[in-house]
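First the structure, in the form of structure tokens, and then the observations on it.
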Number of protein chains: 2
Amino acid sequence: METRTLETGERILDAAERLFMAHGYEGTSMRQITGEAGVNLAAVNYHFGSKESLMQEVFRRRLDWLNEERMRVLDEMEREANGQPLKPSAIVDAFFGTLLRMAGDEKRGGITFLRLLGRTLTEPSEFIRAFLAHEYKTVMDRYKEALFRALPEVPKAEIVWRFHFMLGATSYAIAGTDALRLVTDWQIEEEDSTDRLDRLVPRLMSFLMGGLRAPLPQY
Amino acid sequence: METRTLETGERILDAAERLFMAHGYEGTSMRQITGEAGVNLAAVNYHFGSKESLMQEVFRRRLDWLNEERMRVLDEMEREANGQPLKPSAIVDAFFGTLLRMAGDEKRGGITFLRLLGRTLTEPSEFIRAFLAHEYKTVMDRYKEALFRALPEVPKAEIVWRFHFMLGATSYAIAGTDALRLVTDWQIEEEDSTDRLDRLVPRLMSFLMGGLRAPLPQY
DNA sequence: CTATGATTTAAACGAACGTATGAATCATAG
DNA sequence: CTATGATTCATACGTTCGTTTAAATCATAG
């Protein structure tokens, strides 16, 4: 008898996370998932009810922690600021930096979940978008408010747009670590993959802050 | 007998473009496509051979023009510059601005194709990525070289990363015009949809240039 | 007109899909 | 030990998938 260190449910979630990341939701079958997890085909429906519920649980397992952490960091920063507006760079780091630093934390899903998240934000499935919207709403509103206060001279609509652009740049930074290598055909010879991740955070952060602080467009 | 203004092949391409945009490649069936196009189920395999070939043709129809236009604009700018390096903003506008201005050109696919492209760049399907890589390689190399020359003081690796970030921001700007509205839950009350598109180009361009010119990160 | 090749059509193919079922097996409490 | 509920198992259900086939229809040249 083999030593089964992980519960069936966890094994399924891990396999589903990796396969959804690699092939998308529609492109991944229940038989692939249960095959990779080493469990019976019926196990998904027994433990999660359906494929849709499984997908939601894959996200909830990671997003609950991430968004609580984002809230916790923002709470602490605002407490220390004593009512003063926060620095924009601190807000951006709390939101995007917290996300990116998940990539180094293997027990929180690591790079696999981040890639899944990055590509899911542009995916079409209605129920996934609705689920993410609900899951994200509270934390998103808090961060938008913080940015409004931190940048009082910038029109709110402009801030929302730039927040959106930042999401896109970050999503690509994660999801495209290998996806867009084909398209861009770059070689970054001098760095191994762990090095690349460590340097990605400051690199991306510089870019995001540059974009956020850019002169307003004149129409 | 009805007046059929469009050929069968064109009708299929139009339907496939819209449906792939709305539901993704795996999420769209041949029966949906032929149903919306008002043609027989077998027509796709007769005219295009397979679903994969159809997808490639959907992209080729638009990308051929786009990338030729990008080349043409860059050629003309370099001719006028007489060997001098180009302005980074001119290069960025030639690459991303040309793309965005497709959105207003309905006979080039308009906003539908741009959304499809934006979401496909983060999609997983192996054959699509390989196809896009081949389709994009030449124009990508030309623009990278132009940026290297325009920004001689910036390390090439940094330029490539920032080009990548710019792609992500642009992709989200397009694909997420309604996709991420759920997540961000914004209201931009003062603008209708045509207005929004007109203002998107300068808005995004400001953001991209701010990110591209941002101070280099110190490690 | 007739002949010929291109196109469209209805129907079917085998394969893969998500899900459901009932029996077998397991863990645990009494 | 036995009893009970949780879990795993092999198997099958009904649908839908992309693709193929052969006959029907169309367009056009001689």
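All values reported here derive from a predicted model rather than from experimental measurement. Each chain gets a letter, A, B and so on, in the order the sequences are listed, and its residues count up from 1. These values consider heavy atoms only, across backbone and side chains, with no hydrogens, waters or symmetry-generated copies.
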Discussion item. Looking at C/dC17, I'd like to know if its phosphate oxygens (OP1 or OP2) sit under 4.0 Å from a side-chain N or O belonging to A/S29.
Written reply: yes

Discussion item. Using a heavy-atom cut-off of 4.0 Å across all strands, would you classify B/T28 as base, sugar-phosphate, or nothing?
Written reply: sugar-phosphate

Item to complete: Using the six-membered ring wherever Trp is involved, compare the ring planes of B/H164 and B/W161 and label them parallel, tilted or perpendicular (cut-offs 30° and 60°).
Response: parallel

Discussion item. Any non-hydrogen side-chain atom of A/Y172 less than 4.5 Å from a side-chain atom of A/L204?
Written reply: no

Worksheet item: Looking at the side chain of B/A42, which of D/dT19, C/dT19, D/dT21 is the nearest nucleotide?
Response: D/dT21

Worksheet item: Between A/E7 (CD) and C/dA27 (C1'), how many Å, whole number?
Response: 12 Å

Fill in: Length of the line joining B/I33:CD1 and D/dC17:P, which is rounded to integer Å
11 Å

Discussion item. Looking at B/S29, is its backbone amide N or carbonyl O close enough to the side chain of B/Q32 to form a donor-acceptor pair, meaning the two atoms are under 3.5 Å apart?
Written reply: yes

Practice prompt. Give the ring-plane orientation class for B/F59 versus B/F113, where under 30° counts as parallel, over 60° as perpendicular and anything between as tilted.
Written response: perpendicular

Fill in: Nucleotide C/dC17, atom P - distance to NE2 of A/H23 in whole Å
12 Å

Fill in: Separation of D/dT16 P from A/E26 CD (nearest whole Å)
14 Å

Item to complete: Check the pair A/K156 / A/L147 against side chain to side chain contact (heavy atoms under 4.5 Å, CB included), numbers first and verdict last.
Response: CA-CA 9 Å; A/K156 292 186 179 185; A/L147 277 176; over 6 Å; no

Item to complete: Let me know the distance between CE of B/M30 and C1' of C/dC17, rounded to the nearest Å.
Response: 17 Å

Fill in: Integer-rounded Å distance: C/dA15 P and A/Q32 CD
18 Å

Item to complete: Measure the spacing between CD1 of A/I12 and CG of A/L19 and express it to the nearest 0.5 Å.
Response: 12.0 Å

Discussion item. Using a strict heavy-atom distance below 4.0 Å, which residues from residues 45-56 of chain A are in contact with DNA chain C?
Written reply: A/N45, A/S50, A/K51

Worksheet, complete the sentence: To the nearest 0.5 Å, atom CG of B/N40 lies from atom OG1 of B/T8 at 10.0 Å

Discussion item. Ring-plane angle category for B/F163 and B/F96, please: parallel below 30°, perpendicular beyond 60°, tilted otherwise.
Written reply: tilted

Worksheet item: Can a side chain N or O of A/T8 be found less than 4.0 Å away from OP1 or OP2 on D/dT7?
Response: no

Discussion item. Could you spell out the base pairing of DNA chain C as a dot-bracket line? Use Watson-Crick and G-U wobble contacts where both distances are under 3.5 Å, [ ] for crossing pairs, | for partners on a different strand.
Written reply: ||||||||||||||||||||||||||||||

Worksheet entry | Over all atoms of both residues, closest heavy-atom pair of B/A146 and B/I91 | O-CD1, 3.5 Å

Worksheet item: A/N40 side chain N/O closer than 4.0 Å to the phosphate oxygens (OP1, OP2) of D/dA10?
Response: yes

Worksheet item: What is the distance, rounded to the nearest whole Å, between atom CZ of B/R31 and atom P of C/dT9?
Response: 15 Å

